[in-house]
Amino acid sequence: MLLNITLDEAINLIKPNINYSLSNIEKDKDIYLNYNALCNKFPNIMQDLGKKLLKRRIETGDIQYRLTDNNIIEYSLYSIQKYNYDLAIFKESFIDVKTAIIEMGYSKQIFKANPQNRLNILDEKNLIILIKLHAPINHRQTFFVSKSDLNNFLNTYISFTDAANSLNVSLKTLKQYWLPKYTDEQINLITTEPNLCYVNKKNWLKFAKEKNKSNIISANQFAKKLKVSNTTFNLIVDEYKLKGEKFEFNIKSSTYYKDSDLEFLLNEQDKLLSYFSENFYTTKETLNIFGLTQNNLHRELYTSQIETIKVPPLMYIDTERFEFRRSNNKNLYNKVDVNKLKEKRDFAQQFDYILLHSQETPMNIFMTLCTYLNFEFDLHCNETKKLWFNYINQKFNSSHAVESTIRNYIRTCLNSTEILLKTIGEKEIYNCTTAHLKLNIFTEKYTKEARYELSRFLSKVYDSRVANGLEIYYKKEFPSYYNGIRNVDKETYTLEDYKKYFDYLNSKDLHLSKAIKSAIAQINGDYSDRYDSTWLYCLLHLNNAWRHYDVTTFPVVDLSGLTVSKFPPIEALEKIKNVGLSNEDINLIIFRCKSLRLKHSKTNKKRHFFCSKDLSNTLAHAIVICILRNSIVTPLSNMIIETDNKKRNIKDKFLNTLFQGDALLPKFKSKQFNRTVISLIYSIIKKQTNGNPLDIVKVVRSHIDIETTNIYTNIPQEDIDFITTQLFDLGNYGHIYDTLTKLLMNPEEYKNNQQDKAVTKIIKHLFGDVYHIESTIQLIREISQERESVISMLTEQSYEKNQQLKLTLSLGQLPAKQKDYQCILKQCKFPDFDCNMCPFAVFNFYNINQLCEEFIVFLEEYLNKFHKIEYTAEKTRLANRLYFYLMLLQEFKNSFGEETLNLFLPFKFNDLKQILKEIPSAKEFTTLSFKKRG
């Protein structure tokens, strides 16, 4: 029967069963204090007692108080401590009904109203004591049940769920067959919840023992015992050929299996678990060991060297280590194979680290790696050891190759060393016979590079010993591998193929969304077909005769100032997909690429980035997409073309995806495309000028031995302009090139005095109010006179000659004595002066970098020296040089814009006025006579 009692009465119910004592607080019976005083003096006691709670407990009689003469409430310290003590005792002995029902096994969302009604049945049967406190505690909890009563009940009674488990049957079978036959009491707190329906445990187990003598278990219970799903259990039944039986009760029952089969399978499961745990890694563990993604683990490198098995259905379970129940990936990897490959890979990675990142000399790197690889010459081979290491050292010392080529050569030397050691064994190289060397060295199983290196070494040893009259057992009869190694494919694409490639790759709308999708997939860690990188790789070939490695190492370019730089990479990529780059952004990124300081990897010579106007829109988009992807995927890398392999090869599958198996396009090959571009450059120059085509070809390729055999391509006249536009955009500017352009456009309207006005405009724009234009009139006159002499020469020439001159300049066929300059004179008239100070020099985009560097160095010299110089002649030299530099920079700005010029300066060009204000006036020294320049 429900008890409606106070907290004090509840405590009286349990006092006989506990050690209840208030002796330690008896001393405080006469202490009364107001609320603030209590909180200040006894914070621990008052910790959970607010004024509202004290008021409620006064009403229930749990706490006493008194009023002072000033009507201030003072609370009994004794009663407060007794309340806290009673509350603690109560919580140890009672549990609220909601928590009680949850502990009894109610798994669904707790009901909101009257949970105590569910326990009334137990209270009425005197199985528990259910109480209701007059005042709620702990967030409005009013109804409670004795913990000891609840524990006694749960120990005495068993839920329907546990009853079914005791018989190894399903709940459905329990309810439909077993419970109707059970005649003892059943207690249903919630009829739909088997965890809250009970039978007496002792009586039920006795009943179950009498009724269940068949030693069988239902399929559902069988699966639960094995911890597998019902679907997996069916696979196990098929694998182990378990025999199921049907038992007819008052209903058609489920399929049952022998409990002896369960015992056998549980034992088998333990054996498998132990075996797999000891001998195999999971997929997750294997990925962590190698630091791989799921896709990479499927590569042949791993599948060919690691035994991989799929676990049987009996192992489709979840344990602390294995998770196969719901996972689609049920692979395990042999531990021995994984560890062996890991050691092998770690060894290779350490080897690569030494080879690629060591700052030692090439010979020291080579010797370090010989030690790392345990390469040791036998004690009987000391002379060969000395000869071999001297040979290698001489090769390194005489090499002028770039770092990447040197490091590749170190690898070749190591391969050659390994072959040499295997060949000589315990005897000197000169004691080996020709037949022995041919059999052990000159075989197809070794690389051509290694065989070539050893053939050179053997030849040197032979020549040396013969010259010194020393004995040698082999003859100089080894094949020459030089031609085989240097046998470069001379095939080129046809002009029509080049144009098809150009049109296909330049179709921005066709490729843009695919490239962005690929970039985003890589950012998100999903599979990527490297569409963006492959597209950019092929685009760069259209205008640039670069080697494969130079293309794949195209560097990161600064995106600041572009609209997309304001957004995170993925959002920026979506913006590009929906809106694209503005014309200003396109020009800025292309000019920044043109300003890059690039070198040919093989020759270490300067190379330029070319991009025609026709290609700039598409190429700018491809470059920006790759930079955005690179900023997330490989932020520490300075290379924006992602190849997914150390050799930086563009895989055929990525090229096939880009070209979609287009039958109209031949297979894309980097070397063939380079040779095609070189061929087109050569052919245009040969057809359009009388100059030597090899000069410009060597500049483009930075190669000293370009072959001319079969390099010429017949280009129809109608395609001349197109090819010239794509491959010869040098970006010429300055007074000569501008004059030629105007003369060819309007020869009758062009006036000589326009040049003087142009110079005046430049000077005025540069100096404005800093130096009055009147003060520099002599300077203007000097510049004008020098340039007038050049202009007079041009205007006196025929239209055809000027046309040919401009064409020759456009093709870069009038080289000056300094790199990246051209000169309209066949022979230099001023050998003592730099090209940048010569009126006959033609400037182009690619010498602005050098020009700006020279200007910055000169400006520092000017600022430091000018005010200290006593001699007028030296001041005149510096003043003239300053003004001439500024004029050249202004001319570049007029041609390419201020933003482009700012890329090459450490300050903004517009800030020059402020800088000029701060330097000493030089107007009185400016004469600018050419002879005084220097």
Aromatic ring pairing [X]/[Y], orientation class (parallel under 30°, perpendicular over 60°, tilted between):
X: Tyr240; Y: Phe264; answer: perpendicular
X: Phe276; Y: Phe280; answer: perpendicular
X: Tyr257; Y: Phe233; answer: perpendicular

For this session: Check the pair Lys227 / Asp318 against salt bridge (charged side-chain N to carboxylate O under 4.0 Å, His left out), numbers first and verdict last.
Result: CA-CA 8 Å; Lys227 300 178 182 177; Asp318 289 340; over 6 Å; no
Taking the six-membered ring of [Y] as reference, does the cationic atom of [X] (NZ for Lys, CZ for Arg) lie under 6.0 Å from its centre and within 45° of its axis?
X: Lys29; Y: Tyr78; answer: yes
X: Lys575; Y: Phe567; answer: yes
X: Lys335; Y: Tyr281; answer: yes

Is a salt bridge present between [X] and [Y], judged by a nitrogen-to-oxygen distance below 4.0 Å?
X: Lys514; Y: Asp529; value: no
X: Arg321; Y: Glu285; value: yes
X: Lys147; Y: Glu92; value: no

Exercise. Quick check, are the ring centers of Tyr75 and Tyr65 under 6.0 angstrom apart?
Worked result: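 Tyr75 vs Tyr65: aromatic centres not under 6.0 Å.
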Exercise. Is the Tyr333-Tyr302 ring centre distance short of 6.0 angstrom?
Worked result: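 Not close enough - the centres of the two rings lie 6.0 Å or further apart.
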For this session: Evaluate the criterion salt bridge (charged side-chain N to carboxylate O under 4.0 Å, His left out) for residue pair Lys82 and Asp8; output intermediate values, then yes/no.
Result: CA-CA 10 Å; Lys82 180 179 181 299; Asp8 194 50; 3.0 Å; yes
Exercise. What do the steps show when you test Thr283 against Asn331 for side chain to side chain donor-acceptor pair (under 3.5 Å), and what is the final call?
Worked result: CA-CA 6 Å; Thr283 299; Asn331 291 341; 5.1 Å; no
Exercise. Does one side chain, of Asn188 or Thr191, offer a donor that lies under 3.5 Å from an acceptor on the other?
Worked result: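 Checked: Asn188/Thr191 side chains show no N/O donor-acceptor pair below 3.5 Å.
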Exercise. Does a side chain donor of either Lys206 or Asn203 reach within less than 3.5 Å of an acceptor in the other side chain?
Worked result: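 No, no side-chain donor-acceptor pair sits under 3.5 Å.
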Exercise. Given Ser146 and Ser148, is the side chain to side chain donor-acceptor pair (under 3.5 Å) satisfied, shown in steps?
Worked result: CA-CA 5 Å; Ser146 167; Ser148 60; 3.0 Å; yes
For this session: Could you check Tyr316 against Phe324 for ring-ring contact (aromatic ring centres under 6.0 Å, His included), going step by step and ending with a plain yes or no?
Result: CA-CA 5 Å; Tyr316 291 3; Phe324 293 126; 7.5 Å; no
Problem set entry | Test side chain to side chain donor-acceptor pair (under 3.5 Å) applied to Ser166 and Trp204, step by step | CA-CA 9 Å; Ser166 70; Trp204 174 261; 3.2 Å; yes
